[in-house]
Asks: 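Sharing a structure, written as structure tokens. Questions coming.
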Amino acid sequence: MKPSASSNPQVQLKIERRSNHPWIFQKMVEKPAERPKPGSVVDIYDRDGTFAGRGFYNGHSRIALRVLTQDPDEAVDAAFFERKIAQAVQLRRERLKLDAVTDAYRVIHSEGDGLSGLVVDRFADTLVIEFFSAGMFRQRDLIRRCLLEHFPDSQVYAFAEDHVQKQESFDCSTPPTPRPTVIQEHGVKFHAAPGTKHKTGFFADQRDNRLALAGFCQDKRVLDLCCNSGGFAIYAKTIGGASDVVGVDLDEEILEVAESNARLNKVKVRFVQADIFHWLRDIANGRAEKFDVVVLDPAKMTRDRDQVIPALKKYLDMNKLALSAVKPGGIFVTCSCTGLVSEEQFLDMLRRAAFYANRTVQVLKVSGAGPDHPWQAHVPESRYLKAVFCRVD
């Protein structure tokens, strides 16, 4: 390795760096003689001694290095985080003009904003910070200060899921649960309660898809499967003008939130606590009426690459049954938030589901998360959400 002008520890790769992806895995990294603490900022050199970047090192994690800059003259210091966070906020407020539409959006989308291992969501006057790396956790006080400069008087809730803390080898004690809040988007209101079992009880990433769905709902019967806190269902009624809306979910607790969201918007939606497989079989067997519009938005199926095939099988079974609930000529919106399932795999699953259900699916558009969830062209992992809008015969 060459002498460095910075005082950061140096880490050498076993390979010649030929990628600008921010993740470098443990198997590609030489074990340092003196291993830096998890989350330390280090200078990275490739096998030939060429400077390859600067970022976080974690000898305990499968992702040993998270590259934050490839510029040898750019320090990863307080000014770096101030600049990156300001750029992320500017994108949402000045370019996307989200404050005119909603007070709930993603402020920082990890690699999509050049801040690998950090996610920040805004829910009205609450900022939710989620750490996915030891490096970002070590910068927590600085991150909090930078965010409060842009969102003064906000309450801050910062956490990391247990499996992340274990993988990344850091200890993030559970903070006090913040007070619940009410957010709005496109004039529709929802309860958000960070720190509960459901993190927020609300998913801002589907904002644009909810609005698009509403455009198909005037005077229609709408079914929202895996409805969670009722986002699609309530849009169908409030903005869409649907005649009848049914939401189905297995989780009794989240359906209580959905009921309160319907009351908040003064609309009538029938929420049903049921396993969608059992509930849909009545329709598939001709014992219940089909719907004009059907939405299927299940929870993430897996975080494990080895479980992608079983996850696709679950999607296939769900979609096959859901298609049976759509009237001929009706609209079907099917979603996946499993990042490990690619768009190509998801569309192929839909093709097979249509074949087995003996339905013809005409794809109208393939969508994803809103623009407050940007992704870098060289980091497709940030593009996790797929939403396919279809006409079904």
Side-chain angles (χ1 to χ4, degrees), residues 81-133 136-137 139-161 172 175-211 228-231 234-235 257 260-261 264-265 337 368-375 382-385:
F81 286 96
E82 288 166 3
R83 184 168 62 252
K84 286 286 189 182
I85 290 171
Q87 287 171 355
V89 173
Q90 182 184 36
L91 172 67
R92 276 74 177 174
R93 288 186 149 167
E94 296 180 23
R95 293 293 179 91
L96 302 178
K97 295 182 168 46
L98 285 171
D99 288 335
V101 173
T102 182
D103 57 4
Y105 50 83
R106 178 145 295 181
V107 179
I108 296 170
H109 189 49
S110 196
E111 288 81 14
D113 287 295
L115 289 166
S116 180
L118 178 67
V119 164
V120 180
D121 287 321
R122 178 193 177 201
F123 297 103
D125 62 352
T126 301
L127 294 174
V128 178
I129 304 172
E130 185 168 5
F131 300 108
F132 289 89
S133 75
M136 285 301 175
F137 180 69
Q139 303 292 332
R140 59 194 180 278
D141 293 337
L142 171 60
I143 290 165
R144 179 190 178 102
R145 177 174 61 77
C146 292
L147 287 166
L148 288 174
E149 287 176 8
H150 298 282
F151 301 96
D153 304 321
S154 294
Q155 59 173 341
V156 177
Y157 177 75
F159 77 103
E161 290 193 355
C172 179
T177 302
R179 63 183 180 276
T181 188
V182 173
I183 61 93
Q184 67 79 28
E185 54 177 45
H186 299 298
V188 186
K189 297 177 181 178
F190 294 96
H191 292 280
T196 60
K197 185 177 87 173
H198 296 277
K199 290 191 185 179
T200 63
F202 183 76
F203 296 98
D205 53 3
Q206 291 277 29
R207 176 178 54 251
D208 295 349
N209 297 324
R210 285 189 280 266
L211 187 63
N228 197 263
S229 59
I234 289 164
Y235 260 73
V257 178
S260 67
N261 284 336
L264 191 62
N265 291 281
C337 62
D372 50 331
H373 293 66
W375 52 284
S382 300
R383 186 174 179 243
Y384 64 95
L385 181 65

Asks: Got a second to check how far R144's CZ is from L142's CG, nearest 0.5 Å?
Replies: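 So the gap between those two atoms works out to 12.5 Å.
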Asks: Could you give the distance from CG (L127) to CD1 (I108), rounded to the nearest 0.5 Å?
Replies: 9.5 Å
Asks: Mind checking the CG-CZ spacing from L264 to F190? Nearest 0.5 Å is all I need.
Replies: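 So the gap between those two atoms works out to 9.0 Å.
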Asks: Give me the atom names and distance for the closest heavy-atom approach of F202 to A104.
Replies: CE2-CB, 4.3 Å
Asks: With side chains defined as the heavy atoms from C-beta onward, is the minimum distance between V101 and H186 less than 4.5 Å?
Replies: yes
Asks: Apply side-chain contact (heavy atoms from CB on, under 4.5 Å) to S382 and list each qualifying residue two or more places apart in sequence or on a separate chain.
Replies: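 With neighbours one apart ignored, the set is H109, E111, W375, V379.
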Asks: Rounded to the nearest 0.5 Å, what's the gap from OH on Y157 to CG on D121? Could you check?
Replies: 13.0 Å
Asks: Are H373 and L385 packed together at the side-chain level, in the sense that at least one heavy-atom pair is separated by less than 4.5 angstrom?
Replies: no
Asks: For N265, give me all partners under side-chain contact (heavy atoms from CB on, under 4.5 Å), at least two apart in sequence or on another chain.
Replies: V188, K189, I234, T238, V267
Asks: D125 and R179: side-chain contact (heavy atoms from CB on, under 4.5 Å), yes or no, with the steps?
Replies: CA-CA 10 Å; D125 62 352; R179 63 183 180 276; 3.1 Å; yes
Asks: Could you list the residues that satisfy side chain to side chain donor-acceptor pair (under 3.5 Å) with Q90, not counting sequence neighbours?
Replies: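 For Q90 the side chain to side chain donor-acceptor pair (under 3.5 Å) partners, ignoring immediate neighbours, are E94.
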Asks: With sequence neighbours left out, what residues match Y105 under ring pair (Phe, Tyr, Trp, His ring centres under 6.0 Å)?
Replies: none
Asks: Identify the two heavy atoms, one from F123 and one from T181, that lie closest to each other, and give their separation to 0.1 Å.
Replies: O-CG2, 3.5 Å
Asks: Please name all residues satisfying side chain to side chain donor-acceptor pair (under 3.5 Å) with Q206, sequence neighbours left out, ordered by chain then number.
Replies: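 With sequence neighbours excluded, Q206 shows a side chain to side chain donor-acceptor pair (under 3.5 Å) to N209, D297, given in chain and number order.
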Asks: Can you give me the closest heavy-atom contact between C172 and A160, atom names plus distance?
Replies: SG-N, 3.9 Å
Asks: Taking all heavy atoms of E185 and all of Y235, pick out the closest pair and write down the distance.
Replies: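 Closest approach of E185 to Y235: OE2-OH, 2.7 Å.
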Asks: Under the rule for side-chain contact (heavy atoms from CB on, under 4.5 Å), what residues qualify as partners of E149, not counting sequence neighbours?
Replies: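 For E149 the side-chain contact (heavy atoms from CB on, under 4.5 Å) partners, ignoring immediate neighbours, are R145.
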Asks: For a 4.5 angstrom cut-off between non-hydrogen side-chain atoms, does Q139 reach F131?
Replies: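 Side-chain contact under 4.5 Å: no.
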Asks: Less than 4.5 Å apart, side chain to side chain, heavy atoms only: is that true for S133 and L118?
Replies: no
Asks: Provide the closest heavy-atom pair for D372 versus R106 in the form atom of the first, atom of the second, distance.
Replies: OD2-N, 3.0 Å
Asks: Can you name the side-chain contact (heavy atoms from CB on, under 4.5 Å) partners of D103, sequence neighbours left out?
Replies: R122, A124, I183, Q184
Asks: Could you check whether any side-chain heavy atom of V156 comes within less than 4.5 Å of a side-chain heavy atom of P175, counting everything from C-beta outward?
Replies: no
Asks: Ignoring hydrogens and geometry, is there a side-chain-to-backbone donor-acceptor pair from R140 to I129 under 3.5 Å?
Replies: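 Checked: no pair found.
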Asks: Among residues at least two apart in sequence or on other chains, which ones pass salt bridge (Lys or Arg N to Asp or Glu O under 4.0 Å) with R92?
Replies: D113
Asks: At what distance, to the nearest 0.5 angstrom, does CD of Q87 lie from CZ of R95?
Replies: 10.5 Å
Asks: For T126, which residues count as a side chain to side chain donor-acceptor pair (under 3.5 Å) partner, sequence neighbours excluded?
Replies: Q155
Asks: Can you tell me if S110 uses its side chain to pair, donor with acceptor, with the backbone of G117 under 3.5 Å?
Replies: yes
Asks: Which heavy atom of C337 sits nearest to which heavy atom of Y384, and what is that distance?
Replies: O-CD1, 3.8 Å
Asks: Is a side-chain N or O of N261 found less than 3.5 angstrom from the main chain of H191, in a donor-acceptor match?
Replies: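 The answer is yes, because a donor-acceptor pair under 3.5 Å joins these two groups.
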